[in-house]
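Note that the coordinates shown come from a computational prediction; the quantities given were computed from them, not determined experimentally.
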Amino acid sequence: MLGIKEIQEIIPHRHPFLLIDCIEEMEPGVSAVGYKSVSYNEPFFAGHFPQEPVMPGVLIVEALAQTGAVAILSKEENKGKVAYFGAINNAKFKKKVIPGDKLRLECKIIKQKGPVGVGQATATVDGKVAVSAELTFMIG
């Protein structure tokens, strides 16, 4: 299991934009499973939406991308590099994520050629899919 300090050794994200709390499972270059405990104190809830707080879908996609980045940047040849977004395809938003939810973030690297790759990512809450997407990354 990787905590915040270990995650920060792999990816460059920091507060308030580090959107994963821990990595529970990881196979470098292959896959990672992480978690985000969604708290009412998240800064985005002040405006999204004051009467009905909902985690923005784009931030869930970002959390999935950070999880995938931990997997791909853990490969020995990628250590110290950054993974950038290349594309987001087939994104589907199926369930609201609200304060108190524990978001399970899973990303499997399904192909890679040189510095470009694709991850299949799924975010779930209590076993129900909240977001799924295919994320293309470029290692720089």
Side-chain angles (χ1 to χ4, degrees):
M1 177 127 130
L2 303 178
I4 295 290
K5 288 182 181 180
E6 293 85 6
I7 292 167
Q8 289 178 332
E9 290 173 7
I10 300 168
I11 62 175
H13 303 77
R14 298 296 183 264
H15 176 80
F17 211 67
L18 180 58
L19 298 174
I20 46 180
D21 296 328
C22 68
I23 297 292
E24 184 178 80
E25 302 171 29
M26 182 185 54
E27 187 174 345
V30 177
S31 66
V33 176
Y35 288 91
K36 165 76 175 153
S37 294
V38 181
S39 163
Y40 182 72
N41 293 322
E42 306 286 350
F44 49 79
F45 284 135
H48 198 268
F49 303 99
Q51 290 77 27
E52 183 185 357
V54 176
M55 185 172 182
V58 295
L59 294 182
I60 300 170
V61 172
E62 174 63 27
L64 286 166
Q66 289 178 18
T67 303
V70 169
I72 202 66
L73 297 177
S74 293
K75 281 179 75 172
E76 194 58 43
E77 63 267 27
N78 294 333
K79 289 188 178 187
K81 296 181 180 178
V82 176
Y84 298 99
F85 261 127
I88 302 168
N89 292 307
N90 302 317
K92 292 185 174 62
F93 302 90
K94 298 185 173 225
K95 178 182 181 346
K96 290 191 291 187
V97 175
I98 60 173
D101 284 346
K102 186 172 182 182
L103 200 53
R104 183 180 193 273
L105 307 157
E106 182 174 359
C107 189
K108 294 178 184 177
I109 309 305
I110 56 175
K111 61 181 151 178
Q112 185 176 4
K113 184 172 184 179
V116 178
V118 177
Q120 182 59 50
T122 307
T124 59
V125 175
D126 295 327
K128 295 179 181 149
V129 175
V131 176
S132 64
E134 192 175 88
L135 308 175
T136 301
F137 60 87
M138 296 173 290
I139 299 169

- request: Any chance you could measure Ile20, atom CD1, to Gln8, atom CD, to the nearest 0.5 Å?
  value: 10.0 Å
task: Any chance you could measure Met26, atom CE, to Glu6, atom CD, to the nearest 0.5 Å?
output: 10.0 Å
task: For residues Asp21 and Ser37, report the shortest heavy-atom separation together with the two atoms involved.
output: OD2-N, 2.7 Å
- request: Could you pull out the closest heavy-atom pair between Pro12 and Val82, with the gap in Å?
  value: CG-CG2, 4.2 Å
query: Using links of under 4.5 Å between side-chain heavy atoms of ILVMFWY residues, direct or through other members, which residues join Val118 in one cluster?
result: Ile110
field: Passing option when Val97 is tested against Thr124, Val131, Val125 for side-chain contact (heavy atoms from CB on, under 4.5 Å)
entry: Val125
query: Going by heavy atoms in the side chains, are Val38 and Phe45 under 4.5 Å from each other?
result: yes
task: To the nearest 0.5 angstrom, please state how far the NZ atom of Lys94 sits from the OG atom of Ser132.
output: 5.5 Å
message: Please tell me whether Ile4 and Ile11 are part of a single hydrophobic cluster in this structure, the criterion being side-chain heavy atoms less than 4.5 Å apart.
response: yes
task: Sort and list the pairs that fulfil salt bridge (charged side-chain N to carboxylate O under 4.0 Å, His left out) and have at least one residue in residues 119-140, not counting sequence neighbours.
output: none
Pairs of donor and acceptor atoms involving the side chains of residues 84-92, under 3.5 Å and at least two apart or interchain, shall be tabulated with distances.
none

statement: Between Leu103 and Ala123 the two heavy atoms that sit nearest each other are CD1-CB, 4.0 Å
task: Tell me, please, which residues at least two apart from Lys79 pass salt bridge (Lys or Arg N to Asp or Glu O under 4.0 Å).
output: Glu76
task: To the nearest 0.5 Å, tell me how far Asp101 CG sits from Ile98 CD1.
output: 5.0 Å
task: Could you grab the distance from atom CD of Glu27 to atom OG of Ser74, nearest 0.5 Å is fine?
output: 11.0 Å
message: Checking Glu106 now: which residues fulfil side chain to side chain contact (heavy atoms under 4.5 Å, CB included) with it, not counting sequence neighbours?
response: Val33, Arg104, Lys108
- prompt: Taking all atoms of both residues into account, what is the closest heavy-atom pair of Glu25 and Ile23, and its distance?
  reply: O-CG2, 3.3 Å
Nearest-0.5 Å distance that lies between atom CD1 in Ile7 and atom CG in Leu18: 6.0 Å
Side-chain donor-acceptor contacts of residues 52-72 below 3.5 Å, not counting sequence neighbours, with atom names and distances?
unit_1, atom_1, unit_2, atom_2, d
Glu52, OE2, Lys96, NZ, 2.3
Glu62, OE2, His13, NE2, 3.4
Glu62, OE2, Gln66, NE2, 3.0
Gln66, OE1, Leu19, N, 2.8
Gln66, NE2, Phe17, O, 2.8
Thr67, OG1, Ala63, O, 2.9

